[in-house]
Amino acid sequence: MAFSLGGKIDGMNEDDNRALTSWYWYDWANQAFALTVGTVLGGQLITRYFNLATGGSSEIAGFNVTGTSFYAAVLGLSMVFVAISSPILGAIADRIRIKKKIVWIYTLVGVVFTAFMGVAPHLDANSAYRLLAFCFLMGQIGMAGGNTIYYAFMPYLAEQNQMEKVSSWGYAYGFAGGSLILILHLVVLVTGAFGLTDAYGPWTLTFAFVTTSLWWLGFGLPFFRNTPEPEIANERSYGSIMEAVGDGFNEVRSTFREVKKYRILVIYLVSYLLFYDVLHTVGGVATSFAENDLRLPVLMNFVLILLANIIAIPMSVVGGMLAARYGAKSVLGGSIGVYMVVLILATGFAPLDLEDDHDRFDFRYDYDSESDEYVLSTLHDRGVKGWVSKSGSGDEEFRNAFLHYMIEGALDGDVWSDSDVERTRISVDEATLLESEMHGMLDHRWSFSFKGGILDGDHSVGNNHITIIEGGPIDWWPNFLRDNVWGPLNFGVTLQWILLGTMVGFVQGSAGAQARSLFAYLVPKSRTTEFFGFFGFMGKAAAVIGPFIFAFFSAAFDTRFGIMVLLVILVLGLILFPLIDVEEGKKVARQADIDAGLYSEEE
């Protein structure tokens with residue numbers, strides 16, 4: 001009997017419950033990637049390395065591409081293959097018993113490239129962001145592609161009236177498994193593997209990527225051992241792979257032609273395309289936004305995701321109970337409404353003015369009376385080389401003006417090396433010169449502060465610093481909230497981030513679970529993999545479109561405007577909800593199953 005944390009169905013036999021709980025365990029397994037890599041480290045590290053390589057931004061085809069918009073584009077690109085292949089593979093899997101084989105191949109792809117991501121932290125920034133982006137892209141394909149077929153098992157695992165429970169418990173397992181390994185990674189990163197290496201250093205990051213890979217593979221095995229391949233009503237045989245693929249293409253064309261017969265399903269899919277577009281993008285780019293626009297430490301990204309997912313574990317189950325009583329559509333609509341509030345607040349997130357808060361400045365000089373020198377420390381202890389690009393055009397003027405105060409050596413080459421030694425101490429005379437120059441050259445994205453000695457209290461903030469919010473189409477909104485809400489309440493970006501995590505935690509499980517269970521109600525069981533492949537296509541199409549839309553508007557305007565565009569898309573998806581008649585959709589799906597011979601008229 002497979003070990004179970006809950007979610008069994010009363011009245012089902014032991015073998016069926018073992019198959020069901022083993023299906024849950026695959027959610028437990030792959031959420032290690034979804035949380036540690038897809039939500040926390042992937043976006044944060046790709047953004048950081050991109051910014052280090054380019055100096056914060058790069059001009060591409062007339063667009064100002066930042067770390068956040070670059071990462072969003074990678075996220076969208078990763079879904080292109082899955083979006084194209086999902087409906088074809090789904091159609092084939094409804095005719096040949098290969099669902100588990102397809103999931104296994106996707107799993108291996110995800111596992112292998114997740115492990116390879118552990119190489120990137122040991123490379124220079126230029127190489128690191130490229131390798132990390134490619135491996136992340138492949139890992140996302142492995143997870144998202146596998147999930148598309150994996151979801152199609154759900155209608156076979158329990159009766160239709162149990163779909164809310166099954167879907168909700170699957171999400172609960174996923175949040176629990178992902179959170180557990182995320183806690184392990186947090187402890188190892190913060191302690192430097194309990195003192196064996198540097199905190200947040202390359203080896204701790206390698207540990208996180210490799211253990212994510214092993215967790216995914218190991219806990220995914222019960223699904224492949226214990227969950228049976230679903231029965232196929234009209235199984236076919238093919239003489240070659242190309243024949244099967246050709247039949248898959250034909251079936252997809254047929255699905256597109258026939259989908260108009262399922263009017264309610266079509267309306268739901270259009271709504272799903274819109275709201276999932278936003279939900280997926282928000283989850284994907286959150287940590288990149290935190291790194292690029294809020295300069296939050298890595299620890300806070302872990303805190304956000306842990307907080308959201310720990311709350312989501314019980315709330316996923318509660319959401320299933322509420323859906324059983326009030327309907328999946330009602331719970332899903334309420335969850336989307338909360339996401340709307342989250343986006344409204346997120347566009348208004350803003351770091352408080354630095355004022356005299358010495359510890360919040362990027363580069364801090366503290367007077368040491370014993371040596372009569374100023375000692376340099378940096379925000380989040382990353383060091384100068386952890387913030388400033390050595391060759392990127394975005395930091396060129398800053399390098400020319402200030403780097404000789406901060407780095408020893410000739411500064412040869414395009415990437416930081418061990419020969420570039422950070423100057424942690426400068427004389428009072430040098431500090432006085434730096435203080436004079438920092439007020440005259442403000443065309444950069446950094447801040448300086450002095451504490452103690454003759455320069456006590458003197459500070460400077462560059463015109464492109466994250467606290468300077470101006471020039472964007474909706475910059476009035478974060479400035480308004482900072483002046484009237486965040487500032488008066490002393491509600492800094494750390495507390496703003498925790499607020500976001502709490503709100504998302506209450507609804508993210510319910511949104512995903514009820515979106516999945518509502519679709520399961522509306523599709524014919526006789527064509528479940530094909531339709532779930534189509535469902536996957538819509539989801540992955542949204543996963544492509546959403547990040548690309550966000551990347552485009554973020555590059556053309558700024559990140560906050562990109563978030564506002566997502567809010568508009570979310571509202572459009574919610575507007576369609578009154579047109580989704582669930583009972584009518586169920587009747588149409590059941591009639592299709594009767595016509596296919598899966599049920600008789602009397603059943």
Side-chain angles (χ1 to χ4, degrees), residues 44 46-60 62-72 125 129 285 288-297 347-355 357-358 360-364 378-380 382-403 405-407 434-449 458-479 481-483 486 492-493 551 553-563:
Q44 192 268 336
I46 291 173
T47 301
R48 182 203 294 187
Y49 293 144
F50 179 88
N51 286 341
L52 269 176
T54 64
S57 63
S58 180
E59 194 77 15
I60 300 176
F63 292 96
N64 183 41
V65 178
T66 64
T68 299
S69 52
F70 173 77
Y71 170 69
Y129 90 82
V285 303
S288 180
F289 176 59
E291 167 73 18
N292 194 77
D293 295 82
L294 305 180
R295 269 181 214 166
L296 284 168
T347 56
F349 281 174
L352 302 184
D353 291 329
L354 295 178
E355 298 178 341
D357 192 349
H358 180 70
R360 290 179 54 223
F361 282 76
D362 300 307
F363 305 114
R364 305 169 307 228
T378 61
L379 186 66
H380 310 324
R382 285 192 191 174
V384 176
K385 294 190 292 184
W387 283 115
V388 181
S389 172
K390 188 176 182 180
S391 57
S393 59
D395 283 335
E396 183 176 0
E397 294 192 38
F398 180 87
R399 288 194 304 271
N400 294 337
F402 303 112
L403 224 53
Y405 293 108
M406 310 168 86
I407 300 289
L434 171 58
E435 182 270 343
S436 175
E437 292 180 21
M438 74 183 190
H439 290 296
M441 210 296 278
L442 297 175
D443 189 17
H444 59 80
R445 57 193 179 110
W446 307 113
S447 59
F448 291 97
S449 177
D458 208 346
H459 57 262
S460 172
V461 179
N463 293 333
N464 300 319
H465 190 262
I466 59 170
T467 58
I468 309 299
I469 305 174
E470 57 186 30
I474 59 168
D475 284 347
W476 62 271
W477 176 238
N479 282 305
L481 287 184
R482 180 165 61 185
D483 294 341
W486 313 135
V493 287
F553 284 101
S554 295
F557 298 97
D558 60 23
T559 305
R560 290 177 176 85
F561 190 78
I563 296 174

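Not a single donor-acceptor pair under 3.5 Å links the side chain of Arg360 to the backbone N or O of Glu355. A donor-acceptor contact shorter than 3.5 Å links the side chain of Trp486 to the backbone of Gly348. Remark: the backbone N or O of Asp362 is paired with a side-chain donor or acceptor of Ser447 at under 3.5 angstrom. For Arg48 (side chain) and Gly386 (main-chain N/O), no donor-acceptor pair under 3.5 Å exists by modelled atom type. Checked by atom type and distance alone, the side chain of Arg399 pairs as donor or acceptor with a backbone atom of Gly392 at under 3.5 Å. Using modelled atom types, no side-chain atom of Asn51 and backbone atom of Asn292 make a donor-acceptor pair closer than 3.5 Å. Within the 3.5 Å criterion, the main-chain N or O of Leu379 finds a donor-acceptor partner in the side chain of Trp387. Side chain of His444 to main chain of Trp446: a donor-acceptor pair is present (N/O by atom type, distance under 3.5 Å, no hydrogens or angles). Within the 3.5 Å criterion, the main-chain N or O of Pro351 finds a donor-acceptor partner in the side chain of Arg482.
In plain terms, the two heavy atoms of Ala551 and Ala72 that are nearest each other are CB-CB, 3.9 Å. In plain terms, the two heavy atoms of Ser449 and His358 that are nearest each other are OG-ND1, 2.7 Å. Annotation for Gly562 and Phe553: closest pair CA-CB, 4.1 Å, computed over non-hydrogen atoms. Heavy-atom minimum distance, Glu397 versus Met441: O-CE, 3.5 Å. Taking every heavy atom of both residues into account, Thr378 and Val384 meet most closely at CG2-N, 3.9 Å. Annotation for Ser391 and Ala53: closest pair OG-O, 4.2 Å, computed over non-hydrogen atoms.
For the residue pair Ser288 and Thr47, a side-chain donor N or O sits within less than 3.5 Å of a side-chain acceptor on the partner.
In this structure the side chain of Asn464 reaches within 4.5 angstrom of the side chain of Asp443, judged on heavy atoms. When side chains are defined from C-beta on, Phe363 does not count as touching Leu434, because their heavy atoms never get closer than 4.5 Å. The closest side-chain heavy-atom distance from Trp476 to Ile474 is below 4.5 Å. Side-chain atoms of Ser460 and Leu442, non-hydrogen and from C-beta on, do get closer than 4.5 Å to each other.
Once rounded to the nearest 0.5 Å, the distance linking CG of Leu296 with CD1 of Ile466 reads 8.0 Å. Rounded to the nearest 0.5 angstrom, Phe289 CZ and Arg560 CZ are separated by 5.0 Å. To the nearest 0.5 Å, atoms CD1 (Ile468) and CG (Leu354) are separated by 8.0 Å. To the nearest 0.5 Å, atoms CZ (Phe349) and CD1 (Ile563) are separated by 8.5 Å. Of the inter-residue distances, the one linking Glu470 atom CD with Thr467 atom OG1 reads 10.0 Å to the nearest 0.5 angstrom. Lys385 NZ to Leu403 CG: the interatomic distance, rounded to the nearest 0.5 Å, is 11.0 Å.
In this view, His465 satisfies the ring pair (Phe, Tyr, Trp, His ring centres under 6.0 Å) rule with no residue, not counting sequence neighbours.
The ring of Phe448 has its center closer than 6.0 angstrom to the ring center of Phe402. Ring centers of Tyr129 and Phe70: under 6.0 Å apart, within the cut-off.
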Next on the checklist: Could you go through Asp475 and Asp558, starting from their C-alpha distance and side-chain angles, then the distance that decides it, and tell me whether this counts as side-chain contact (heavy atoms from CB on, under 4.5 Å)?
Outcome noted: CA-CA 9 Å; Asp475 284 347; Asp558 60 23; 3.4 Å; yes
Item to check | side-chain contact (heavy atoms from CB on, under 4.5 Å) between Met438 and Asp458, worked out | outcome: CA-CA 10 Å; Met438 74 183 190; Asp458 208 346; 4.0 Å; yes
